[in-house]
Amino acid sequence: MTVHGVTPFNAEPPRAALADRVLTPLDAFYSRNHGPIPALDPGGWRLRVDGLVGRTSSWSLTELRDRFGSHSETATLQCAGNRRAGLVEVRDIPGEAPWGPTATATARWTGVRLADVLDDAGVDPAATDVAFLGTDVSEAATPPQEFGGSIPLRKARMPEVLLAWEMNGEPLPPVHGAPVRVVVPGYIGARSVKWVHRVTVADRPSQNFFQTSTYRLLPPDVDPARTAPGDGVALGLVAVNADFLAPDDGAEVDCGPTRVTGYAFAGGDRTVVRVDVSPDGGSSWIQADLGEQAGTWAWRHWSATVDVRPGEQLVLARAWDSSAALQPADPASVWNPKGYANNSWARLRLRGRSAHTA
Ligand SMILES: Nc1nc2c(c(=O)[nH]1)N[C@H]1C(S)=C(S)[C@@H](COP(=O)(O)O)O[C@H]1N2
Ligand SMILES: [Mo]
């Protein structure tokens, strides 16, 4: 893992660890934290459901499972800061981790449907949003507070949104939110609140720092140190994105036909429908072979064979989603002061080694 920070713990795996498999093994799943990782006793854990509901309720893990059953979804999580390093190359982004392309991963999540819990509580007709609160207190927030965020009520009512206690058939590890986390497929990772202990139905978005003051897209000329809560656009749905997984960036490879692979992901309820690869920095393009589409909420792996010639070579990749949206070419055009949502074309630098000079 590349460790961007020890406390809070932030780490992403090498590209190769994500290659050629839809489900990410737990030891290769990136970790993104804003505070200490709480050690919670699953037996003592309770979830409070309150706000604009007919009946405030409190649930143990066993009660939730017994009452609402267990449901599974294969879903990709993608941090809004994934691929920030590509924006830092355009202009420095102080105070934010320079994530590479692997702050994203996919798991099979098992838990109860949030929709069922909300139906049971009875949602007030005036409600518009559903807020989540974790147990971890983040000193990075002003003032320090538990990590939280919200999603629109209409999304919270969708069957894919889970309160999950299992990941790839194993109990959720502490670092990924044990005993229970929210999983909001199609939304930035920040809305999938870990160590969740409270769900609040409201008539406005969460007032938590991580909803009002970060994870917001600011225009490039704004100084992020001088913004007020609510400035910019709250990030939610993930835009179509892609990157290479093999070979590694900067790799030296033998000249000749070379297999390049990667992932592509479209947020919301969009899926990846096409990936183009350019062996020559954008002069020509070929179509990548697309891997399995493991449901609406999962990324799609792809591969292509490019001809590697002696010397430096820039290989590009770009994905299209089911709304016919294409990734933007240029990281400079999407640069923003907090370095979120870099979905510009993926760039892979290869160095071709000719057989007779080896
Ligand atoms: N309670 C809590 N939930 C959280 C976070 C956090 O710091 N605290 N980080 C969020 C962010 S920004 C992301 S991208 C995902 C990362 O989930 P992972 O660490 O399981 O990969 O968790 C989200 N949920
Ligand atoms: Mo994130």
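Atoms within a ligand are numbered from 1 in the order they appear, just like the ligands themselves.
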Next item on the list: Assign the ring pair Tyr215 / Phe210 to parallel, tilted or perpendicular, where the plane angle (0 to 90°) is split at 30° and 60°.
Entry: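 Correct class here is tilted.
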Margin query: Suppose we screen for side chain to side chain donor-acceptor pair (under 3.5 Å). Which residues come up paired with Asp116, at least two apart in sequence or across chains?
Written below: none
Next item on the list: Classify the side-chain pair Thr110/Ser72 by whether it contains a donor and acceptor separated by less than 3.5 Å.
Entry: yes
Checklist line | Pi-cation contact, Trp165 with Arg65 (under 6.0 Å, within 45°) | finding: yes
Next item on the list: Please examine the side chains of Phe68 and Arg113, heavy atoms only from C-beta on, and report whether any two atoms are closer than 4.5 Å.
Entry: no
Next item on the list: Would you mind checking if Glu96 and Lys338 are paired as a salt bridge, meaning a charged N to carboxylate O distance below 4.0 Å?
Entry: yes
Check ligand 1 against the protein and report each N/O to N/O distance under 3.5 Å, formatted as atom name, atom name, distance.
residue	atom	partner	partner atom	Å
ligand 1	1 (N)	Asp136	OD1	2.7
ligand 1	1 (N)	Asp136	OD2	3.3
ligand 1	1 (N)	Lys194	O	3.0
ligand 1	3 (N)	Lys194	N	2.9
ligand 1	7 (O)	His34	N	2.8
ligand 1	7 (O)	His34	ND1	2.7
ligand 1	8 (N)	Asp136	OD2	2.7
ligand 1	9 (N)	Arg32	O	3.2
ligand 1	17 (O)	Arg181	NH2	3.1
ligand 1	19 (O)	Arg32	N	2.9
ligand 1	19 (O)	Lys194	NZ	2.6
ligand 1	20 (O)	His176	ND1	2.6
ligand 1	20 (O)	Arg181	NH1	2.7
ligand 1	21 (O)	Tyr30	O	2.7
ligand 1	22 (O)	Arg181	NH2	3.2
ligand 1	24 (N)	Ser192	O	3.0

